[in-house]
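Here is the structure we will look at, set down as structure tokens.
Whatever order the structure lists ligands and atoms in, that order sets their numbers, starting from 1.
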Amino acid sequence: MTDVSAEPNGHSLAVEGLTVHYGGVCAVRDIALTVAPGESMGIIGSNGAGKTSTLKALMGLVPRTHGRISLGDKDLSKVRARDMVRHGVGYVPEGRHVFPGLTVEKNLLLGAYHRSWKGETRQTLEWIYELFPILREFRQRAAGDLSGGQQQMLAIGRALMSKPRMLLLDEPSMGLSPKLIEDVLAVLIKLREENIGLLLVEQNAKLTFGVTSHCLVMENGSVAMSGTSADLAHDPRVRQIYLGL
Ligand code: ATP
């Protein structure tokens, strides 16, 4: 089991021994990691390496065969997907999944479905609009009319409506132009400054090394390498396979 972490603290996300099977096939084997608030960790790897399955298992969206998951002193190992959000873990799925026929604001409000106090929802919406001025500008537009990058901002904004301590993001750069990728990266850096922990799954290793402090490299469901992003970016094997250098 490999553990890669910055210094853990009281509100860290900690994962040990996370394992996922689909039928008899092991897709994720014995993953361990720790993400502290305000820290960002990346998981890179090629197609089918098990990155998405790791995030889905963390969220409870696919069954976990084994594994312990905690956030601070809360044990989340048995928590179901719909309750993870209440426990402070947000999730931005691969492919964004915004509701194209609903306005930007209605999409955002869906992210606060578990809140009962309307005043708090309003405050959070204001915080999202400060983070993403473009969403305020387009708040009455149908989400389907936004560009891919704007929809990615919306998907991130919707996940933030639950005020998560940890945000899991699955391939936020997918399908975006280099300029829009820059915009998304700028947002991730802002979130770190807000002391939110980030766990970022990406095929784009260069981008990931630029925005994370630590990384796991997954191959065939297991952690093949781990370390600081700076060290991995200089590793000859990583440079050849994942950076194409
Ligand atoms: P990509 O970057 O292409 O999204 P990934 O690293 O995220 O790949 P996963 O999607 O987690 O990889 O897939 C890991 C393995 O599990 C693959 O072999 C995949 O075919 C398999 N797999 C994923 N989802 C399921 C499922 N629902 N049922 C059966 N097998 C699955």
Identify, for atom 31 (C) of ligand 1, the protein heavy atom at the shortest distance, and state residue, atom and that distance. Y22 CD1, 3.2 Å
With heavy atoms and a 4.0 Å threshold, my read on which part of E171 contacts ligand 1 is side chain
As a check for students: among G50, G23, G48, C26, identify the option with a heavy atom nearest to atom 15 (C) of ligand 1. G48
Atom 20 (O) of ligand 1 protein-contacted (non-hydrogen atom, under 4.0 angstrom): no
Considering only heavy atoms from C-beta outward, does the side chain of E194 approach that of L131 to under 4.5 Å? yes
To the nearest 0.1 Å, how far is atom 3 (O) of ligand 1 from its closest protein heavy atom, and which atom is that? N47 OD1, 2.8 Å
May I ask you to decide whether E126 forms a salt bridge with R136, counting only side-chain N to carboxylate O separations under 4.0 Å? yes
In terms of atom number and element, which parts of ligand 1 are under 4.0 angstrom from non-hydrogen atoms of S46? 6 (O)
Tell me, which protein residue and heavy-atom name are nearest atom 10 (O) of ligand 1, and how many Å apart are they? T52 CB, 3.8 Å
Looking only at distances, can you tell me whether any N or O atom of T54, backbone or side chain, sits closer than 3.5 Å to an N or O atom of ligand 1? no
Does any N or O in the side chain of T19 come within less than 3.5 Å of the main-chain N or O of G17, such that one atom is a donor and the other an acceptor? yes
Polar contact flag, side-chain donor to acceptor under 3.5 angstrom, S40-T212: no
Which atoms of ligand 1 are found less than 4.0 Å from any heavy atom of S53? 9 (P), 11 (O), 13 (O), 14 (C)
Looking at ligand 1, does G45 have a heavy atom less than 4.0 Å from it? no
Rounded at 0.5 Å granularity, tell me how far OG in S70 sits from CD in E16. 7.0 Å
We want to know whether S46 and Y242 form a side-chain donor-acceptor pair, criterion being a heavy-atom distance below 3.5 angstrom. no
Is there a protein heavy atom less than 4.0 Å away from atom 29 (C) of ligand 1? yes
Numbered in order shown, the ligand 1 atoms found under 4.0 Å of a heavy atom of A49 are 5 (P), 6 (O), 12 (O)
Side chain, backbone, both or neither: which part of M218 has a heavy atom under 4.0 Å from ligand 1? neither
Single-linkage hydrophobic cluster, 4.5 Å side-chain cutoff, M174 and L154 together: no
Looking only at side-chain N and O atoms, does H21 offer a donor or acceptor that is under 3.5 Å from a partner on T65? yes
Any side-chain heavy atom of C215 sitting closer than 4.5 Å to one from T208? yes
